[in-house]
Amino acid sequence: MRMYDLIEKKKHGRALSREEIREMISGFVSGDVPDYQMSAMAMAIWFMGMSDEEITELTLAMADSGEKEDLSPIRGFKADKHSTGGVGDKTTLICGPVAAALGVRVAKMSGRGLGFTGGTIDKLEAIPGFSTEIAPERFFALVNRVGIAVVGQSGNLVPADKKLYALRDVTATVDSIPLIASSIMSKKLAGGADGIVLDVKTGSGAFMKTMENSVKLAETMVRIGTMAGRTCTALITDMDVPLGHAIGNALEVREALEVLQNHGPADLREVSLRLAAEMLHIAGKGSPEECFRMAEGALRDGSAMAVFRRMAAAQGGSTEYLDGLAAGAMPEGEASVSVASPADGFISAMDTEGIGTASVLLHAGRSKKGEEIDHGAGIILRKKYGDRVKKGEPVATLYAADPALFGEASARFLASLTFAPEEPPARQLVYARVGKDGLQDLSPVV
Ligand code: URA
């Protein structure tokens, strides 16, 4: 195989065979296929797409590129949950403990923030002492004892994705259905869970900006998961508006704790409970509606909060710090500035990618791979989509260790808001479910 010929083939939209895909991935991992050729291939895939068969083969070749987790030492049904990436998306911190409190085993491998989107590992590391690097035996023991543990992707799990994602991040090739589907599903298959719930975000703060592409991505991932013998469902959820009010790692943990204490923002609560309900449903605990009610119960009776606290303590996190955040304390050592509305009217649109970028400018996320982040930095939204504002009224508060960062971040934040004289239409939070039997439209649970 000459990589040059494969790039040429894909550039003209022709399908790669199973053998060609396998050789390409093993050559890339071993270093025989250089980064510049793999980058050219990623761009060819971005433009020309891949058939269902090619995406499946790419996913399986990537999943086979390293070690695989064997979760058999964990007793019971093991559910995993994965989001395609969003802004203010702290749902794992809520739906994981809720599902675990109701008897599902949550052996969760999570990632760090990517581009303008946040990552669960960065959020948990905002808790002093919280360790996300745990040896497999201890990980299994923690899940058996607590019901949930959240760790970073272990060393040699899907090395093909680690290398390819780093290239995609710097070659503008992240937002491609074949590349996202194979990246996520290779990790989920190698991660070894019995069931997988996918949260496919749609809108301005998602990698998939249109409903059509989000549905296609969800269908592709569910098809691969089902074909690989896993129970797999996807919810398509709104990311045209940041989820909740907090963006930034410690601020998001604080907001997740509010929901776990049975209050907090209604949008975050609903999406988290719907995801928890799917995790319970695939574990055979009841219909999605029954599971939603059970999930509400785990917030109401404090059992989900107790699981979160136990998980944090078991992974070395400071419960004193958590108790402070739960009581409303703000992260320490940050300067803050209020951002004022430049206009009267209603907020009629939020460019959520722009808001995520503003949080990165405050150092809540990384501009470059491997960069240190400031766990206390971020944004609290004082007003959101549909809210009426007066000129000069605060729309957000920005937090950063270095006040010199506020100028550019405020400008980026304000450029992300659109104002209109009329109240905009109400939004739906969860649009659809994609299961092995296809797409089902969803209306809000009342
Ligand atoms: N999350 C991933 O793990 N991979 C992608 O390609 C996009 C989001």
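Counting convention: from 1, in listed order, for ligands and their atoms alike.
The shortest side-chain heavy-atom distance between M279 and K285 does not fall under the 4.5 Å cut-off. You'll find the side chain of L260 reaches within 4.5 Å of the side chain of I94, heavy atoms only. Side-chain contact between E219 and V222 is absent, with no heavy atoms from C-beta onward closer than 4.5 Å. Here the side chains of M38 and M3 are in contact, with some heavy-atom distance below 4.5 Å.
The heavy-atom pair separating G244 from D267 by the smallest distance is N-OD2, 3.1 Å.
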- Task: Test T92 against K81 for side-chain hydrogen bond (donor to acceptor under 3.5 Å, both in side chains), laying out the working first.
- Result: CA-CA 8 Å; T92 294; K81 171 259 168 194; 2.8 Å; yes
Can you give me a line-by-line list of nitrogen or oxygen pairs between ligand 1 and the protein shorter than 3.5 Å?
| residue | atom | partner | partner atom | Å |
| --- | --- | --- | --- | --- |
| ligand 1 | 3 (O) | K187 | NZ | 2.5 |
| ligand 1 | 4 (N) | S183 | OG | 2.7 |
| ligand 1 | 6 (O) | R168 | NH1 | 3.0 |
| ligand 1 | 6 (O) | R168 | NH2 | 2.9 |
| ligand 1 | 6 (O) | S183 | OG | 3.4 |

